[in-house]
> 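If you scroll down you'll find the structure; I have some questions about it.
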Amino acid sequence: MYSTFNSHQKDHTNMSNMKSSEISHFNHPKHKLRFEYSEFPFKCDGCKEVGIGSRYKCSSNCDYDLHMHCAIPSPSLFHPFYPKCSFQFLSKPPGDTPRYCNACEKGVTGFVYHCMSCGFDLHPCCAKLPMVLDDGEVKLYLYRKVSSPCHRCGQKGRSWSYRSSCKKYNLHVACVREMIVESWHEIYVGSNNGRKMVETGIPSLKNTLQSTHNSRSKGKVRKCCEMAGLAVQIVVSAVLGDPTALIAGIMGSLMSRA
């Protein structure tokens with residue numbers, strides 16, 4: 001479940017061989033859902049969060065989309081950050097009070113993994129964030145809490161974080177969510193005969209990182225920003241539900257300019 005970036009690449013190769021396959025889903029019983037891989041963004045009709053890349057899409061014309069993790073959820077799961085918890089998959093948040101994901105701090109409005117005993121909640125894509133992201137150049141590890149400041153907000157602690165093995169780059173999962181929302185403010189720009197319309201542009205996340213290297217030489221600053229930008233791309237792809245999206249080169253330039 002918690003595989004590396006390279007393992008996800010292999011998974012994507014396997015999933016590519018399933019493009020003609022269809023599944024039935026309890027939340028959309030009228031039509032079959034077909035696997036596809038698209039560079040266009042979508043909003044998952046299960047967890048209500050943004051996605052990109054691998055998805056299951058309605059084979060009819062009702063524009064119904066699901067993240068892979070929402071289309072084929074685990075009935076229950078355990079997470080290494082909460083060894084005493086057992087998370088159960090639910091089609092909607094329990095109770096009547098607003099609930100928030102313990103990984104990204106964003107509200108839970110659709111599919112969720114919920115621990116009955118402790119009350120913790122996790123978006124399906126957050127619950128299955130890889131513990132290690134490795135593209136061969138940057139390796140990032142998922143932590144529940146880190147003491148180093150986030151490259152984006154400059155704060156310590158807060159939500160789950162990805163930190164590079166060199167410990168120079170740290171990004172809160174919550175900050176990545178905020179970056180996506182800020183740059184992708186209205187993914188749905190209206191409707192046409194009841195169908196959802198999606199902006200085709202991939203969001204630009206330039207100038208979103210804190211510059212903490214002003215004292216270094218220009219060359220070192222540029223290299224640092226390039227590496228930080230690459231780290232952001234990897235984490236954004238993972239948070240959107242498909243780390244392999246980075247391989248397709250569709251996330252655009254995410255570099256911070258010094």
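These numbers come from the heavy atoms of this one structure, side chains and all, not from hydrogens, waters or symmetry mates.
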> Does the pair Asn102 and Leu122 meet the rule for a side-chain contact (heavy atoms from CB on, under 4.5 Å), with working shown?
CA-CA 6 Å; Asn102 285 79; Leu122 296 172; 4.2 Å; yes
> Cluster question for you: counting only ILVMFWY and a side-chain heavy-atom cut-off of under 4.5 Å, with indirect links fine, are Val173 and Leu77 together?
yes
> Out of curiosity, does Val108 fall in the hydrophobic cluster containing Leu240 (side-chain heavy atoms, cut-off under 4.5 Å, transitive links)?
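No, Leu240 does not connect to Val108 through the hydrophobic network.
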> State whether the number of non-hydrogen atoms from other residues, nucleotides or ligands found under 6.0 Å of Lys145 atom NZ is greater than 12.
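Count over threshold, so yes.
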> Kindly say whether Cys44 contributes a backbone atom to a donor-acceptor pair with the side chain of Arg55 at under 3.5 angstrom?
no
> Nearest 0.5 Å, please: how far is CD in Glu178 from SG in Cys153?
8.0 Å
> If I take atom SG from residue Cys58 and atom CG from residue Asp63, how far apart are they, to the nearest 0.5 angstrom?
8.5 Å
> Between Lys167 and Ser148, do the side chains contain a donor N or O and an acceptor N or O under 3.5 Å apart?
no
> Just to verify, which of Cys101, Ser159, Cys104 counts as forming a side chain to side chain contact (heavy atoms under 4.5 Å, CB included) with Arg177?
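Among the candidates, only Cys104 passes.
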> Show the nearest heavy-atom pair for residues Ser54 and Tyr37, with the distance to one decimal.
OG-CD1, 3.2 Å
> Keeping Arg144 on the side-chain end and Phe81 on the backbone end, is there a donor-acceptor pair under 3.5 Å?
yes
> Nearest 0.5 Å please: distance from the SG atom of Cys166 over to the NZ atom of Lys139.
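Those atoms lie 12.0 Å apart.
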> For Gly107, is there any backbone N or O sitting under 3.5 Å from a side-chain donor or acceptor partner on His123?
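Yes, His123 side chain to Gly107 backbone: donor-acceptor pair under 3.5 Å.
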> Step by step, would you call Ser74 with Lys128 a side chain to side chain donor-acceptor pair (under 3.5 Å)?
CA-CA 10 Å; Ser74 305; Lys128 298 191 177 183; 2.9 Å; yes
> Do Ser86 and Met116 have side chains that approach each other closer than 4.5 Å (heavy atoms only, starting at C-beta)?
no
> Without swapping roles, check the side chain of Asp45 against the backbone of Asp65 for a donor-acceptor pair under 3.5 Å.
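Flag set: sc Asp45 to bb Asp65 pair under 3.5 Å.
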> When rounded to the nearest 0.5 angstrom, what is the spacing between SG in Cys115 and NE2 in His79?
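If I round to the nearest 0.5 Å, the distance is 13.0 Å.
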> Side chains of Asp121 and His114: any donor to acceptor distance under 3.5 Å?
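Yes, Asp121 and His114 have a side-chain donor paired with an acceptor closer than 3.5 Å.
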> Looking at every non-hydrogen atom in both residues, tell me the closest pair between Arg99 and Pro93 and how far apart they are.
CD-CB, 4.0 Å
> Examine the side chains of Lys84 and Ser117 and answer whether a donor and an acceptor come within less than 3.5 Å of each other.
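No pair is found: no donor N or O on one side chain lies under 3.5 Å from an acceptor on the other.
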> If I compare all heavy atoms of Pro149 with all of Gly154, which pair ends up nearest, and what's the gap?
CB-O, 3.4 Å
> Do Leu140 and Leu171 touch side chain to side chain, with heavy atoms closer than 4.5 Å?
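Counting from C-beta outward, Leu140 and Leu171 never come under 4.5 Å.
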> Would Phe87 and Phe78 satisfy ring-ring contact (aromatic ring centres under 6.0 Å, His included), going step by step from the backbone distance to the final call?
CA-CA 6 Å; Phe87 290 90; Phe78 295 90; 8.6 Å; no
> Can you say whether the rings of His25 and Tyr64 are parallel (under 30°), tilted (30 to 60°) or perpendicular (over 60°)?
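Tilted: the ring planes of His25 and Tyr64 meet at 30° to 60°.
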> Hey, is the main chain of Lys32 close enough, under 3.5 Å, to the side chain of Ser59 for a donor-acceptor pair?
yes
> Would you compute the distance between atom NE2 of His69 and atom OH of Tyr113 and round it to the nearest 0.5 angstrom?
8.5 Å
> Can you check whether Phe26 reaches Ser91 side chain to side chain, under 4.5 Å on heavy atoms?
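With C-beta onward as the side chain, the pair touches.
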> Given Asn27 and Lys92, is the side-chain contact (heavy atoms from CB on, under 4.5 Å) satisfied, shown in steps?
CA-CA 11 Å; Asn27 205 49; Lys92 61 180 181 180; over 6 Å; no
> Taking all heavy atoms of Phe42 and all of Ile52, pick out the closest pair and write down the distance.
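It is CE2-N, 3.3 Å.
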> Establish, yes or no, whether the cationic atom of Arg163 lies under 6.0 Å from the six-membered ring centre of Tyr141 and within 45° of the ring axis.
no
> Is Arg34 paired with Glu22 through a side-chain N to carboxylate O contact shorter than 4.0 Å?
yes
> Would you say Val112 and Phe120 are hydrophobically clustered, going by side-chain heavy atoms of ILVMFWY under 4.5 Å?
no
> Are Val239 and Leu133 connected in the hydrophobic side-chain network, where two residues link if heavy atoms are under 4.5 Å apart?
yes
> Taking the six-membered ring for Trp, is the centroid-to-centroid distance between Phe111 and Phe89 below 6.0 Å?
yes
> What heavy-atom pair brings Ser147 and Lys156 nearest, and what distance separates the two atoms?
O-CD, 2.8 Å
> Among Val146, Leu129, Asn170, Val132, whose side chain to side chain contact (heavy atoms under 4.5 Å, CB included) with Tyr162 holds?
Leu129
> Given 3.5 Å as the limit, does a donor-acceptor pair link the side chain of His67 with the main chain of Val50, or not?
yes
> Taking atom CG of Leu66 and atom CD1 of Ile23, what is their separation to the nearest 0.5 Å?
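Output value for this atom pair is 7.0 Å.
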> Please check if the side chain of His172 supplies one atom and the backbone of Ala174 the other of a donor-acceptor pair under 3.5 Å.
no
